[in-house]
Amino acid sequence: MSPKNRCSAGPGTATSHSLHWRTDLMADAPQGRDYRETVFLPDLPGDPFPLRAGLPKKEPERVKHWAEIGLYHLLRKEAADRPKVVFHDGPPYANGPIHIGHAENKILKDFVVRTKQMAGFDCDYVPGWDCHGLPIEWKVEEDFRKQGRKKSEVPAVEFRRACREYADKWIPLQRDEFRRLGIEADWDNYYTTMSFEAEAAIAREFLRVVRTGLVYRGSKPVMWSPVERTSLAEAEVEYQEKTSPTIWVKFPLRSAQADGDANRDEIMDASIVIWTTTPWTIPGNRAISFSSNIDYGVYRIDSIEEGLAFDPWVKVGDKIIVATKLADDVLRAAKAASWKRVSDFDPKNAVALHPFRAHGYDFEVPLLDGDHVTDDAGTGFVHTAPSHGADDFVIWEKNFGQEGIPFTVDEDGRYTKEAPMFEGLEILQLEGKGLGKDGPANKAVMDKLIEVGALLARGQLKHQYPHSWRSKAPLIFRNTPQWFIALDKPYRDGKTLRQIALDEIDRVDWGQKRTGETKDYNRIRGMIEDRPDWLVSRQRAWGVPLPIFVKKCDGSILQDDEVDARIFAAMKEGGADVWWATPAQDFLGAKHKADEYEKVEDILDVWFDSGSTHAFVIGNPEAPTRASFVNPVSTIYLEGSDQHRGWFHSSLLESCATRGKAPYDEVITHGFTMDEKGMKMSKSIGNTIEPQKIAEQNGIEILRLLIASAEYGDDLRLGKIMIDQSGEMYRKLRNTLRYCLGALRGFEDSERVPLNHDLPLMERWLLHRLHEVDAAVRKGYETYQWRMALGAIVEFCNVDLSAFYVDVRKDTLYCDAPSSFRRRATRTVLHETFSRLTAWLAPILPFTAEEAWLTRFPESVSVHLRTFPETPDAWEDDFAGEEVAKLREARAVVTGALEVARRDKVIGAALEAAPRVFVKDDGLRASLQAVDFAELCITSGVTIVDGDGPADAFRLPEAPGVAVVIEKAPGVKCARSWKYFDPATADPRYPDITSRDAEAVAAWDAARA
RNA sequence: AGGCCCGUAGCUCAGUUGGUUAGAGCACACGCUUGAUAAGCGUGGGGUCGACAGUUCAAAUCUGUCCGGGCCUACCA
């Protein structure tokens, strides 16, 4: 269909006025005829587009209507042959009702999809949901607990089924909420990460990564609860006060930089002192961290405190090495009475020995330079047990990789054989009354340290310590085997995953290309540059397994296409559950023996799930999942800026690992929603605003408009003031559409005039403005700067249309005869204006644009099936632009003068005046004389005079050379147009109106004769 | 605590490569109109450009520090 040619279909016609006489008005004007009914006022019969929109009630009806006509499918059909743009939905988590952040996210996405579609692309939108992961696992666990069943007692498959049901319950609810926001998408064919197809695809994606050789088994200390025998995620940890022992431990120096130094002898028999609150980690010690920003010294103990209740562990003559700033504290804790600093100490390249070196700990303890070391507390040296701390692990891995990190503690929190002398001892008590209290490990280690003479001092400390938020039991860091994807291993054309990802970051437009905004580009780049290897295994229940078999003899991962194909096929048929429900041998087939392999039962990091959505939702360009995804000109992702760490990040790594390229070409990010003061919204503070509330109270269009007018890349402030303000902007836009609808009543093709330079200057200028605004709107939409597009539209409506063009042309619209060229020209350009306004606004205000469009063209299907109307370059008219700019400046002087006259009670309405306008400049004077300047000023007349004007004339600094003196308009007031005119010029048949009005009334009367 | 980012009128935003008295719309006040009328038009008040210091003949614009806010990490041996 071609909407452009449908103007004959407008509602009503110019001759459909009712013919009743307004007797009340006649009483006021007994001498003359009441011409009111001959005036073409813009009200529409029945007021089908009232200013009070009733959005909260009408929007849901419209949503229903769009669903009924299958708008989504009509859009696809309409755009089938167009170039494709793929917008890929980042899946929200299928848990709980949607909040305002979801609303902002989905509305911004809707802007992208709708503007692309209307810009002439086919932009499909398949919404999705993220279903696996902890939050659902917790909820379900809680539900089971309420039934008196522990998670460990529920079979994995049953537990997973409950998780699936939980997610399934929320998806339709969230979907309806999204629909209510006016989001146009394929709501009947959404994707989920838990569909069997998705689970199979995710598993296959992981197997693809395995084939690159990037997957390896390593280890990492994780938060571990010995009491619950499980690892915990960061979010499951809470910090509570705990009293811990503190110990100062001596590590004898083996060698130091000071070799050959004058102080060598002073240094070489000294010990480095560390301080820790976890004595049990001493067997795991493998290094000591220092900071090159801290000053260290060697201290010799010269005397010891006397009269102590116990024998101190230090002896006169002992030499210890600590940070200069902390030396006094340490020595006092050690009960030394006097001491002497005998040397400086440079820890660089120094090596110490483990205090238990004679008892199975015969290795060197290197000193490592680390940023995490401070001299606020302790000794300035940090005991480093890579199995038992995040910093410890990081610094060790940085220096030595994963080599040499011991597994000193098992899953019950007992020492393993890698902790000689202590094997079997528990860190925490695992049963009985002392559950969760310190086990024998701490004491055993301290006793042994005393025995070997390595303990310098000890004490107790109350501090914040991590606890399980469920059991409230203390946690430990424990090194556990995990699966990783290597970032720095060359695998594709000699490049590493990190390198490929960085190259792809440069290729993708994060805004640095379209707007020059580099913040998102910098942010993702920084993250990929810095991040460690991707830890992809989780010891959890609700997710997709790492579907791999490890050869027991050499630890390699089985790589067999047939096995992989069986796994994929089985999962596609029965979901990821089959991994647990099917005997290993069924997957391994005849070629491999199950007892030779370890079946990995960890599940994949849920970020791997969502990082794989591109693979099963939009697919490869060569194997897309839908026709609308074939060979897109661009693939777009849009999410909140937190997804630099999340979905953007994991999708990039996953896709670069499996396909060598990012899954997207353009990325758009948005900030977070804040309260009116710019503070974070939180339920506990009670400053949240629900999108459902806005929909009920104001209408979702108000929120959509607010989002479109905001700098969405930054945080979005939301409060009553902003919402009210958006409501005002909405009314202005709506009223503009409403006025156009009224002014265009009965407009038909036959009334159109050619759009060329024969038009009056005002119309030439309006077309010129449409051309300018069109460019701004297109550019704004192309670069996702909704604000720029909307700003251009709003300014056009306010400044150009409402305050100028329409105000001036009201006289023409109301009073000219329908056949008048000027009136026809006005209506023709207003028609073009309406056509563009409805199209430009449709992506932002889909409900209102639709309502306006269908009001004018009731048998049209939907405004959303349109594209942005072409705006011919021939409309660009610099002459008209410049002329009108000049005229408006001069007009401003007249308006100013009128205001003064009004204040002085000389006039009321502008039509009572006929200003004298003194213009010095010949060119400007000619411009004023070339048009009906009185018409522009909405006065009954105007006299344009050469000269400076009298001294007391009104002037404006912005318009030098223009001076205005207001004079009352002579003559009588036209009973129809209210203009003052010379009665001698009147048509004798209509003596009380101007000749122009007489012509119009004559035509009116003739039509009714 | 670290990384990245934000901070221009009551609100949402413009402010080009540093260059005269910092702009717009909305809101507010006042006036006009009563033929866009729970509308329309006009006029006006309102900002030490988060603070301080520096570079410069000149800074909202460049640099540094601080304050407030956000996202992401980390939270301590």
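Every chain is numbered from 1, with letters handed out A, B, ... down the list of sequences. Values in this document were obtained by computation on a predicted structure and should not be read as measured data.
- When the P atom is used for both rA38(B) and rA9(B), the distance is 35 Å, rounded to whole Å.
- Partner Phe381(A) forms a ring-ring contact (aromatic ring centres under 6.0 Å, His included) with one of Phe251(A), Phe290(A), Tyr296(A), Trp275(A) and no other, that one being Tyr296(A).
- Of the two residues near RNA chain B, Met674(A) and Leu706(A), the one whose nearest nucleotide lies more 5' is Leu706(A).
- Between the side chain of Glu728(A) and the base of rC26(B), no donor-acceptor pair of N or O atoms lies under 3.5 Å.
- Under 4.0 angstrom from either OP1 or OP2 of rU37(B) there lies at least one side-chain N or O belonging to Arg738(A).
- Only the P atoms considered, rG44(B) is 36 Å distant from rC6(B), to the nearest whole Å.
- Applying the 4.0 Å criterion to OP1 and OP2 of rC71(B), one finds that Lys680(A) has a side-chain N or O inside that range.
- Here, rA39(B) and rC62(B) have their P atoms 43 Å apart, quoted to the whole Å.
- OP1 or OP2 of rA77(B) has at least one side-chain nitrogen or oxygen of Thr277(A) nearer than 4.0 Å.
- If you check every strand for non-hydrogen atoms under 4.0 Å, Lys732(A) touches sugar and phosphate atoms only.
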Kindly list each side-chain donor-acceptor pair under 3.5 angstrom involving residues 786-798 of chain A, sequence neighbours excluded, with atom names and distances?
residue   : atom : partner   : partner atom : Å
Arg787(A) : NH1  : Glu711(A) : OE1          : 2.6
Asn798(A) : ND2  : Val794(A) : O            : 3.3

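- Across rU12(B), rG42(B), rG35(B), the shortest atom-to-atom separation from the side chain of Ala710(A) is found for rU12(B).
- Residue Phe672(A) is in sugar-phosphate contact alone, with no base atom involved, counting any heavy-atom pair closer than 4.0 Å across all strands shown.
- Nucleotide rA39(B) holds its P atom 14 Å from the NZ atom of Lys810(A), rounded to whole Å.
- In this structure rU56(B) sits in no base pair that meets the Watson-Crick or G-U test at under 3.5 Å.
- Close to rA77(B), at under 4.0 Å from its OP1 or OP2, lies no side-chain N or O of Thr278(A).
- For rA1(B), the paired nucleotide is rU73(B), the pair qualifying as Watson-Crick or G-U wobble because both relevant distances are below 3.5 Å.
- In this structure, the CG atom of Asp520(A) is 16 Å from the P atom of rC71(B), given to the nearest Å.
- Nucleic acid contact for Arg891(A): none, since no nucleic acid atom lies under 4.0 Å from a heavy atom of the residue.
- The partner of rA36(B) is absent, by the rule that a Watson-Crick or G-U pair needs both atom distances under 3.5 Å.
- With rounding to the nearest 0.5 Å, the separation of CG in Leu475(A) from CD1 in Ile427(A) is 13.0 Å.
- Here the C1' atom of nucleotide rG40(B) and the CH2 atom of Trp978(A) are 13 Å apart, to the nearest Å.
- Between His102(A) and His99(A), the ring planes are tilted. Angles from 30° to 60° get that label.
- Position along RNA chain B of the nearest nucleotide to Asp811(A) versus Ser802(A) favours Asp811(A) as the more 5'-ward residue.
- If you take CG of Leu44(A) and P of rG35(B), they are 17 Å apart, rounded to a whole angstrom.
- At a cut-off of 3.5 angstrom, the base of rC71(B) holds at least one donor-acceptor pair with the side chain of Arg523(A).
- If you take OH of Tyr712(A) and C1' of rU12(B), they are 16 Å apart, rounded to a whole angstrom.
- Between Arg36(A) and rG35(B) there is a side-chain N or O to OP1 or OP2 distance below 4.0 Å.
- In this structure, Lys677(A) places its NZ atom 24 Å from P of rC6(B), rounding to the nearest Å.
- Pair check for rU21(B) finds none; no Watson-Crick or G-U wobble contact set falls under 3.5 Å.
- Across rG10(B) and rC5(B), the matching C1' atoms stand 26 Å from one another, rounded to whole Å.
- For the pair Phe796(A) CZ and rA24(B) C1', the computed distance is 17 Å after rounding to whole Å.
- As judged by a 4.0 angstrom heavy-atom cut-off over every strand, Met722(A) is placed among residues touching the sugar-phosphate backbone only.
- Distance check on atom C1': rA77(B) versus rG3(B) gives 23 Å, rounded to whole Å.
- Here rG31(B) sits opposite rC41(B) as a Watson-Crick or G-U wobble pair (both hydrogen-bonding atom distances under 3.5 Å).
- Asp715(A) comes within 4.0 angstrom of sugar-phosphate atoms only, judged by non-hydrogen atoms across all strands, and of no base.
- Neither OP1 nor OP2 of rC26(B) sits under 4.0 Å from any side-chain N or O of Tyr730(A).
- Comparing the C1' positions of rA27(B) and rA51(B) gives a spacing of 28 Å, expressed to the nearest Å.
- Within 4.0 Å (heavy atoms only), Glu676(A) reaches no atom of the nucleic acid at all.
- In this structure, Gln725(A) atom CD and rA9(B) atom C1' are separated by 12 Å, rounded to whole Å.
- Counting distance only, with no hydrogens placed and no angle test, the side-chain atoms of Ser289(A) and the base atoms of rA77(B) include no donor-acceptor pair under 3.5 Å.
- Using a 4.0 Å cut-off on heavy atoms, the residues of residues 904-913 of chain A that approach RNA chain B are Lys905(A), Gly908(A), Ala909(A), listed by number.
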query: Going through the distances and angles, do Tyr712(A) and Tyr784(A) end up as a ring pair (Phe, Tyr, Trp, His ring centres under 6.0 Å)?
result: CA-CA 10 Å; Tyr712(A) 66 86; Tyr784(A) 315 120; 8.5 Å; no

